[in-house]
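Supplied in C-alpha cells, the structure appears directly below.
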There are 2 protein chains.
Amino acid sequence: MEEIDRRIVTLLAKDGRMSFTDLARETGLSVSAVHQRVRRLEKRGVVRGYAALVDHDAVGLPLTAFVSIKPIDPAAPDDAPERLAHLSAIEACHSVAGDESYILKVRVASPLALEELLQNIRASANVSTRTTVVLSTPYEHRPPDLGEA
Amino acid sequence: MEEIDRRIVTLLAKDGRMSFTDLARETGLSVSAVHQRVRRLEKRGVVRGYAALVDHDAVGLPLTAFVSIKPIDPAAPDDAPERLAHLSAIEACHSVAGDESYILKVRVASPLALEELLQNIRASANVSTRTTVVLSTPYEHRPPDLGEA
DNA sequence: ATTGAAAATCACGACGG
DNA sequence: CCGTCGTGATTTTCAAT
C-alpha cells in the first residue's frame with residue numbers, strides 16, 4: 001500500500017466521518033479519486049468498517065475488565081470463541097501465547113453483572129477464568145501510526 | 001438516557017457512517033430530530049468520536065501484544081501514561097487492579113519492533129514489563145449491547 | 001488511476017407547533 | 001422536543017483520458 005492510501009487510512013482512523021471533500025483536500029486528489037480509493041480500501045478489507053466511539057460510563061457499562069481463560073480439559077477441542085460469541089458483554093477475544101489461551105475484554109454494568117458474566121463464561125466454554133479489573137483508562141483507540149512520510 | 005438515544009448510539013456503534021436519513025428511518029423520527037439528538041449525544045460526550053476500523057495486518061502492523069507494566073520504584077510518582085503517550089505503537093493504556101499497574105495494548109510491525117518498543121517503554125516510564133503476544137483475534141470491537149428493549 | 005460534471009441524496013439551520 | 005421546509009454541500013455514477 002502506498003503513500004496516499006496510508007494517508008487516507010490515517011485520516012479515516014482519526015475521523016471516521018470525514019467527508020470525501022475533506023479527504024480530497026488533505027490528499028491533493030480530486031473528490032472522485034479519493035472516493036474510488038476509499039471504496040477499494042473497503043473492498044480489500046483494509047478498512048473493515050466504521051464505528052462511533054462510545055463513552056461506556058455514559059451508556060451504563062462503566063466496568064471494564066480483562067478476563068484470561070484456560071480450558072478445564074486441555075484435550076477438548078478449543079472452540080471457546082464461538083461458544084462465547086453470544087455473550088454481548090464480550091467486546092473482544094484474542095488468542096494469546098502463554099499460560100492461558102484467550103484474553104477477553106468485557107464491559108458490564110456492575111460488579112454483580114461481572115460475577116454473573118464470569119459464571120456464564122466458565123459454564124459456556126468449560127474454562128477457568130482470571131480477571132483483571134480496569135480502574136481507569138488514560139487513553140484508548142488511538143489511531144495507528146502508518147508512518148507519516 | 002432513554003430508548004431512542006440508546007438505539008441511535010447502538011446503530012452508530014455498528015455503522016459510524018450511517019446517514020441521518022437512515023437513522024431517521026430506523027428510529028421512526030424525522031431527520032432533523034435525529035440530527036439534533038446525535039449532536040446532543042456528541043456534545044454530552046456519549047459519542048466521543050468516529051473511527052474507521054483498520055485491518056492491522058493489511059497496514060503493516062500485524063503483531064499485537066498486551067504489555068503489563070509495574071514501576072521499578074513503587075515510591076516514585078506514577079505518571080506512566082503521560083510518559084508513554086509519545087509512543088504511537090501504544091493503542092490503549094488501562095490502569096488496572098492487581099499486581100501490575102497498567103495494561104498497554106500495542107501494535108507493531110515485527111518481533112524486532114516489539115523488542116525495541118519494550119526497551120523504550122521500560123526506559124521512558126522506569127517500569128518492568130510483562131508481555132503477552134496475541135496469536136490471532138477471533139473478534140474485536142463488537143458494539144455494546146445497550147439492551148434492545 | 002484520474003478528472004470533471006451531472007444527478008441524486010444528504011446535512012443543516014430556521015421556523016412554528 | 002418534534003416536524004416541515006429550503007438551501008447549499010456531499011455523495012455517487014459516468015464518460016473521457
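Each chain gets a letter, A, B and so on, in the order the sequences are listed, and its residues count up from 1.
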Could you check whether any side-chain heavy atom of B/Tyr102 comes within less than 4.5 Å of a side-chain heavy atom of B/Lys70, counting everything from C-beta outward? no
Here the distance between atom C1' of D/dC2 and atom CG of B/Leu23, to the nearest Å, is 16 Å
Residues which pass ring pair (Phe, Tyr, Trp, His ring centres under 6.0 Å) with A/Phe20, listed by chain and number, not counting sequence neighbours: A/His35
Under a 4.0 Å threshold between the charged nitrogen and the carboxylate oxygen, would B/Glu42 count as salt-bridged to B/Arg37? no
Just so I know, are the side chains of A/Val67 and A/Arg130 near enough to count as touching, which here means a heavy-atom distance under 4.5 Å? no
Taking five pairs at each end, how big is the angle between the two axes of the helix from C/dA1-D/dT17 to C/dG17-D/dC1, to 10°? 30°
Got B/Arg17 and B/Tyr50 here, is their nearest side-chain heavy-atom distance under 4.5 Å? no
I'd like to know if B/Val96 and A/Leu104 are part of one continuous hydrophobic network [Ile/Leu/Val/Met/Phe/Trp/Tyr, side-chain heavy atoms within less than 4.5 Å]. no
Using atom CD of B/Gln36 as one end and atom P of D/dC1 as the other, report the distance to the nearest whole Å. 7 Å
With a 4.5 Å limit on heavy-atom distance, are the side chains of A/Asp5 and A/Leu41 in contact? yes
Working to the nearest 0.5 angstrom, can you tell me the gap between A/His94 NE2 and A/Lys105 NZ? 7.5 Å
Along nucleotides 10-17 of chain C, 5' to 3', which nucleotides get a B, which get an S, and which get a -, given that the test is a protein heavy-atom distance under 4.0 Å? SSSB----
If you check the A/Arg37 side chain, which of C/dT3, C/dA1, D/dC2 turns out closest? C/dA1
Could you state the atom-to-atom distance from OH of A/Tyr50 to C1' of D/dT11 in whole Å? 13 Å
Could you tell me whether B/Ala33 contacts a base, only the sugar-phosphate backbone, or nothing, with contacts defined as non-hydrogen atoms closer than 4.0 Å? sugar-phosphate
Integer-rounded Å distance: D/dT11 P and A/Leu12 CG: 11 Å
